[in-house]
2 protein chains.
Amino acid sequence: MIQNLPGSQNEAQFPALTPRQREVLRVLVQEYVASATPVASGTLQRIGDLGVSSATLRNELALLEELGYLDQPHTSAGRVPSVRGYRYFVEQLMEQRDLPAPERRMIMHQFHQIRLNLDQWMELTAAVLAQVSQVASLVTPPHANRAEFKHLELISTHETLCLMILVLQDGSVHQEMLSVTPELDQATLSAASNQLNALLAGLTADEMVARPKPELTTLSEWKRQVLERVVDLMRVAEQRAVNQIYRDGLVNIFGEPEFQDVARTMQVVEMIERQQLLQRILQGTLETNGVQIIIGGEGSYDELYDVSLVLSPYGIPNRASGVLGVLGPTRMHYGRAISAVRYVAQMLNSLVAEVYG
Amino acid sequence: MIQNLPGSQNEAQFPALTPRQREVLRVLVQEYVASATPVASGTLQRIGDLGVSSATLRNELALLEELGYLDQPHTSAGRVPSVRGYRYFVEQLMEQRDLPAPERRMIMHQFHQIRLNLDQWMELTAAVLAQVSQVASLVTPPHANRAEFKHLELISTHETLCLMILVLQDGSVHQEMLSVTPELDQATLSAASNQLNALLAGLTADEMVARPKPELTTLSEWKRQVLERVVDLMRVAEQRAVNQIYRDGLVNIFGEPEFQDVARTMQVVEMIERQQLLQRILQGTLETNGVQIIIGGEGSYDELYDVSLVLSPYGIPNRASGVLGVLGPTRMHYGRAISAVRYVAQMLNSLVAEVYG
DNA sequence: CGTTAGCACTCGACACACCAGAGTGCCAGA
DNA sequence: TCTGGCACTCTGGTGTGTCGAGTGCTAACG
């Protein structure tokens with residue numbers, strides 16, 4: 001289903017192809033990606049520089065189709081790559097290039113111009129990825145899969161309400177209003193947060209509950225409530241590795257010919273709005289390393305039959321890691337997408353390393 | 001361009017229509033909204049209960065077209081409302097109903113079930129609006145147009161980096177990393193934030209800069225840097241009344257027949273992604289009161305020729321106010337949209353009043 | 001004078017046929 | 001093993017005819 005790049009270990013799953021067959025497949029995929037129309041034997045002969053006639057190519061094409069690498073929309077049309085064909089292309093035929101230097105410079109430049117603000121990082125990342133890959137982009141903020149307490153702040157706002165701000169070890173900030181009775185002034189609240197900060201420093205939610213320090217068991221009623229909310233928030237933070245997803249460049253893919261059909265467009269919009277599927281996929285990527293490619297759902301995800309994903313985790317595993325990637329039509333420029341994703345992931349790796357040490 | 005509701009003061013702009021003409025227009029708009037196909041004189045006679053023949057209706061339709069209330073897609077088709085027709089309908093013909101009680105209860109219930117968490121409020125609001133109005137929804141968080149300092153927190157994260165959390169009077173939380181040299185420990189940072197909290201309480205950015213308290217002028221170098229960032233962040237917060245926009249229900253409108261044409265769909269996606277136009281419009285709504293309706297761009301906004309907006313501000317003007325509303329095709333169920341927007345705005349009004357006093 | 005029946009006219013939607021062209025599969029021969 | 005040739009297939013575009021929905025106009029009517 002999900003394959004690693006490059007040099008996949010399981011080449012065995014593909015029957016051996018002759019060099020010429022490989023070349024035919026390579027040229028065909030490239031041409032189809034560029035032209036978006038089924039590739040005919042004649043076209044292939046013209047552009048492919050294969051030194052054989054179109055008749056020979058027809059034989060090869062028929063064979064490749066039989067092996068499942070190609071599909072034929074109808075009898076008298078050219079061939080298009082099947083999911084399996086794309087897979088083979090991506091794993092064995094594609095030349096992996098780095099992003100061109102000017103683009104690298106441009107990205108670097110943009111990242112060094114902005115403030116150290118997570119929100120802006122994420123937006124910039126999504127924007128850059130969308131621009132360079134020319135498809136739609138997805139980015140999730142860094143996240144630690146063990147939520148450790150760092151800092152709590154209680155700020156009186158109005159009557160019995162106060163704003164609770166919770167900062168975790170991974171730098172994530174969580175906020176929530178809560179109502180404390182009786183009405184307490186800021187000094188009392190500050191004293192309480194100082195007290196809790198001292199008691200909770202570095203703890204996980206489980207530790208707070210399972211073996212609470214003696215001081216925690218003798219807290220006053222309202223402080224106990226605060227503690228309970230802290231535990232809740234931390235649990236939520238732990239569970240949902242991927243909650244927010246930053247996006248950009250949806251227009252890029254809706255311009256492509258395969259999305260002329262509105263039904264497909266809607267499918268993508270719905271998937272992106274509902275998020276659940278996307279969250280599951282991104283969560284999966286978090287636990288791998290290197291660039292991952294999911295082509296046309298590849299059996300596991302019917303909902304994204306028409307689209308492919310190129311994803312990569314970034315950051316420091318378990319401490320502060322997120323996922324970034326792009327989403328485009330199956331007929332997508334994988335080379336460009338992979339280079340872009342890989343480079344931007346590296347970029348964020350070093351940024352995260354700088355910030356989280 | 002943008003008109004208030006209800007009982008607009010400028011009825012003069014519409015030439016007088018006979019009661020029957022008004023009724024014809026009313027029925028026609030309703031029918032077109034429901035059926036999405038041009039309405040013929042025969043259909044009108046059948047459903048309209050107007051007591052006249054289709055021939056008479058044809059005469060009336062011709063007249064209404066001449067007056068600019070209707071358009072005719074082609075010679076032998078029925079009539080569709082023009083922008084002007086919708087405007088008249090919305091201002092003078094539509095019966096304004098409250099949301100049905102079950103829906104009101106459902107909304108109320110949902111709002112009382114969630115935590116006091118701004119993010120969740122906004123998401124819920126968007127979801128509810130989309131569900132009830134059956135079109136796409138837009139919501140912006142509450143915002144004060146005078147940013148007053150409330151609380152600052154500096155949290156050491158790693159080496160020379162620290163996380164600055166700034167809370168403003170309107171409850172908004174802003175965060176940013178900053179690098180302070182030399183490396184400072186948490187105690188020093190806490191002392192500094194206490195000091196600044198005392199000095200800056202209740203001030204605006206302008207006040208901090210224009211007539212700084214004497215203590216502010218003698219701050220150490222790194223504290224001065226912190227102060228500078230505070231001022232910056234507050235300026236940004238003041239200027240950008242609408243930065244984040246919560247959305248939901250895009251699929252609702254892409255299902256409509258007018259969006260079978262992908263070009264239109266793309267236009268909407270692009271507008272929503274680029275945000276600038278949307279921000280300008282929502283910002284405008286912030287300065288009005290009551291529900292506002294923008295139909296088919298109405299001259300001012302070419303980009304949204306095919307869509308209408310129903311918007312309302314909510315909250316406490318200048319103190320904590322935002323905008324919510326829906327976006328749908330011009331052929332939209334305005335009655336439902338307006339009821340939904342008005343009710344949800346009321347809902348948020350009371351929530352905001354509860355929290356901000 | 002407003003209303004209506006009748007009727008001719010217009011135009012889009014749909015079905016159908018037709019053709020050109022692109023592309024294939026297969027076979028026989030090099 | 002490759003290739004030229006050829007028959008076959010299928011799509012897409014275009015032209016034609018027909019149907020029906022809907023209009024505008026006119027003349028008649030209460």
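Since this is a predicted model, take the numbers as computed values, not measurements.
For B/Arg20, the side chain to side chain donor-acceptor pair (under 3.5 Å) partners at least two apart in sequence or on another chain are B/Glu60. A/Arg22 pairs by the salt bridge (charged side-chain N to carboxylate O under 4.0 Å, His left out) definition with nothing, not counting sequence neighbours. Here A/Glu23 pairs with A/Arg26 under the side chain to side chain donor-acceptor pair (under 3.5 Å) rule; sequence neighbours left out.
Counting only residues at least two apart or on different chains, the side chain to side chain donor-acceptor pair (under 3.5 Å) pairs with a member in residues 65-85 of chain A are A/Glu65-A/Arg79.
Proximity of A/Thr56 to the phosphate of D/dT3: a side-chain N or O atom is located under 4.0 Å from OP1 or OP2.
With rounding to the nearest 0.5 Å, the separation of CE in A/Met266 from CD in B/Gln260 is 8.5 Å.
We find that NE2 of B/His74 is positioned 9 Å from C1' of D/dA21, with the value rounded to whole Å.
Chain B approaches DNA chain C over the interval C/dT3 to C/dG12, counting the first and last nucleotide 5' to 3' with an atom under 4.0 Å from its heavy atoms.
In this structure, the side chain of A/Glu303 does not engage the main chain of A/Gln267 through any donor-acceptor pair within 3.5 Å.
Exactly one of A/Asp248, A/Val344, A/Leu138, A/Val310 qualifies for a side chain to side chain contact (heavy atoms under 4.5 Å, CB included) with A/Leu129. That residue is A/Val344.
At least one side-chain heavy atom of A/Pro257 sits less than 4.5 Å from a side-chain heavy atom of A/Arg331.
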So which protein N/O to nucleotides 22-28 of chain D N/O distances come out below 3.5 Å?
| residue | atom | partner | partner atom | Å |
| --- | --- | --- | --- | --- |
| D/dT23 | OP1 | B/Ser41 | N | 3.2 |
| D/dT23 | OP2 | B/Ser41 | N | 3.3 |
| D/dT23 | OP2 | B/Ser41 | OG | 2.6 |
| D/dG24 | OP1 | B/Arg79 | NH2 | 3.1 |
| D/dG24 | N7 | B/Arg58 | NE | 3.0 |
| D/dG24 | O6 | B/Arg58 | NH2 | 3.2 |

